[in-house]
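Contents: one structure, followed by commentary.
The model shown is predicted, which means the values in this text are computed figures rather than measured ones. Atoms within a ligand are numbered from 1 in the order they appear, just like the ligands themselves.
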Amino acid sequence: MSDDIWKEALEQFNKAAKVLKLDKSIVEILTNPKRIIHVSIPVRMDNGKIKVFQGFRVQFNDLRGPTKGGIRYHPNVSHEEVKALAFWMTWKNTVVDVPFGGGKGGVICNPKELSEGELERLSRGYIEAMHKFIGPEKDIPAPDVYTNPQVMAWMMDEYHRIEGHNVFGVITGKPLELGGSEGRDKATAQGGVYILEEALDTFKVKNASIAIQGFGNAGRTAAKLLSEKDYKIVAVSDSKTAIHNPKGLDIEKVIAHKQKTGSVKGFKEVKEITNENLLILDVDVLIPAALEGVITKDNVNKIKAKVILELANGPVSAEARATLYKKGQISIPDILANSGGVAVSYFEWVQNNIGYFWSEEEVLKKLKDKMCSAFDNVYSASKEFKVDFGTAAYIYAVRRMIKVLELRGYIKKGD
Ligand code: NAD
């Protein structure tokens, strides 16, 4: 999968590069990571023995600011995967206009098999190995798959131990008590909802019916926020099953059922369908919020939704985005749709730097402004170049990066 993810990341970039007729040297600058750090992390396990874990940090591009991106704990982590995710972060941070470059980290491990103490020692070991390379003006990690505010708190504390003083801005996604930001927990979903509302307004879709794949942090929170705004959510799913009711689901009750039983399976007055069939329901809006690679050339012609909001990372291939566009459907790419998380991470970093904290209301207002202007910029590029939103997002971001390359003296105007 990790090779595919890098190929997929390049494919969407290359589409934009072709439209912009980018010089080979610019492509070379933009597609090679600045720094790849690979460390061995010795951790004392509960049985008293040392186990050595492999950790990575890729600082892909820091031309617009310190690199920024999450740290993933997963058995499938590899340096190729982390490289692709860091490349993605470069463009996401540019599209949503936060003053960061792109970075990402990962540790090959199965956190489900680690005790809390082992997880803490691994997280502290990662920072011990990486502390020279990170910092509020160098590279700022955050949570990703299987890392959370508690892991960020241990990491921040380890950095404190090494430096001898608190440096809250070294990491984002921290608990509120340790310099975290209001609104961070729902930022990804809330940012996606702001984008979706702009899209529905722009493409004049009224009384939208919605299907959501994935009922975790991103999907469940989006379902909750959308149902609070009276959208009709007709289907949701998790790894076990998908549930469908054309009349609409009571999302509060589905959340309670999932909390009680661990799954949406068994919820009353619905039809259970497969996750594949959820994707092809006759709905106005489809929100893939679970996995990568769920809409590809193999099923794109069966997709009926008018608007697809890519809350997951990489759920729709570049080729499928282009096909949808030709059929008059719009897929809002991940680097725009789920950029609310990193936008609020930026607000957290700013609040840490100034030592003054905003209310949730202030944070969400700033988030809405950022998301709406990112949507407008991508939509304008889509109209100007007559391309799908995925290609348009990359065109917009690459053009901004070219301006930076000119100003820094890497290239001359018109190269
Ligand atoms: P999560 O682990 O909280 O939830 C994942 C959900 O997907 C769960 O409900 C799980 O049951 C479901 N799922 C797993 N396998 C599935 C399958 N085969 N079919 C259908 N559903 C399946 O994760 P999350 O934080 O919600 O992240 C989901 C996606 O959103 C990922 O691609 C992630 O990278 C992306 N994302 C999340 C955030 C964030 O802030 N949470 C930010 C940016 C991007």
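A 4.5 Å side-chain heavy-atom check between D46 and E118 finds at least one atom pair inside the cut-off. No side-chain heavy atom of L196 sits less than 4.5 Å from a side-chain heavy atom of Y231.
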Q. Going through the checks in order, is the ring pair (Phe, Tyr, Trp, His ring centres under 6.0 Å) test met by F375 and F389?
A. CA-CA 10 Å; F375 179 87; F389 262 49; 5.7 Å; yes
Q) Checking ring pair (Phe, Tyr, Trp, His ring centres under 6.0 Å) for the pair Y379/F203: CA distance, chi angles, key distance, verdict? A) CA-CA 11 Å; Y379 181 44; F203 299 105; 5.7 Å; yes
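For ligand 1, one of its N or O atoms has an N or O atom of S239 under 3.5 Å away. Considering backbone and side-chain N/O of K92, none are found under 3.5 Å from N/O of ligand 1. Not a single N or O atom of R184, backbone or side chain, sits closer than 3.5 Å to an N or O atom of ligand 1.
Ranking protein heavy atoms by distance to atom 4 (O) of ligand 1, first place goes to G216 CA, 3.2 Å. The protein atom (non-hydrogen) at minimum distance from atom 7 (O) of ligand 1 is A290 CB, 3.3 Å. The shortest contact between atom 3 (O) of ligand 1 and any protein heavy atom is with N217 N, 2.9 Å.
By the 4.0 Å heavy-atom criterion, G341 is excluded from the residues contacting ligand 1.
Here atom 27 (O) of ligand 1 lies nearest to A218 when heavy atoms of A218, P143, P288 are compared. Looking at A289, G340, S237, A312, it is A289 that brings a heavy atom closest to atom 28 (C) of ligand 1.
In summary, K253 and E269 do not engage in a salt bridge, as defined by a charged side-chain N under 4.0 Å from a carboxylate O. A salt bridge does not link K232 to D284: none of the charged nitrogens lies less than 4.0 Å from a carboxylate oxygen.
Each of N93, D139, T172 was scored for a side chain to side chain donor-acceptor pair (under 3.5 Å) with K68, with one residue passing: T172.
Those atoms of ligand 1 with a heavy atom of N313 less than 4.0 angstrom away are 32 (O), 34 (O), 35 (C), 44 (C). Counting the atoms of ligand 1 from 1 in the order shown, those under 4.0 Å from a heavy atom of T188 are 38 (C), 39 (C), 40 (O), 42 (C), 43 (C). Contact atoms of ligand 1 toward L311: 30 (O), 35 (C), 36 (N), 44 (C) (distance under 4.0 Å to a heavy atom of the residue).
Only side-chain heavy atoms of L291 come within less than 4.0 Å of ligand 1; its backbone N, CA, C and O stay farther off. Here N275 has side-chain heavy atoms under 4.0 Å from ligand 1, and that is the only part of it that gets that close.
When atom types are taken as modelled, the side chain of E362 and the backbone of S359 share a donor-acceptor pair closer than 3.5 angstrom.
Protein heavy atoms are found less than 4.0 angstrom from atom 9 (O) of ligand 1.
Side-chain contact annotation: S345 with R184, donor-acceptor N/O pair under 3.5 Å present.
Closest approach of K174 to L178, counting heavy atoms only: CE-O, 3.0 Å.
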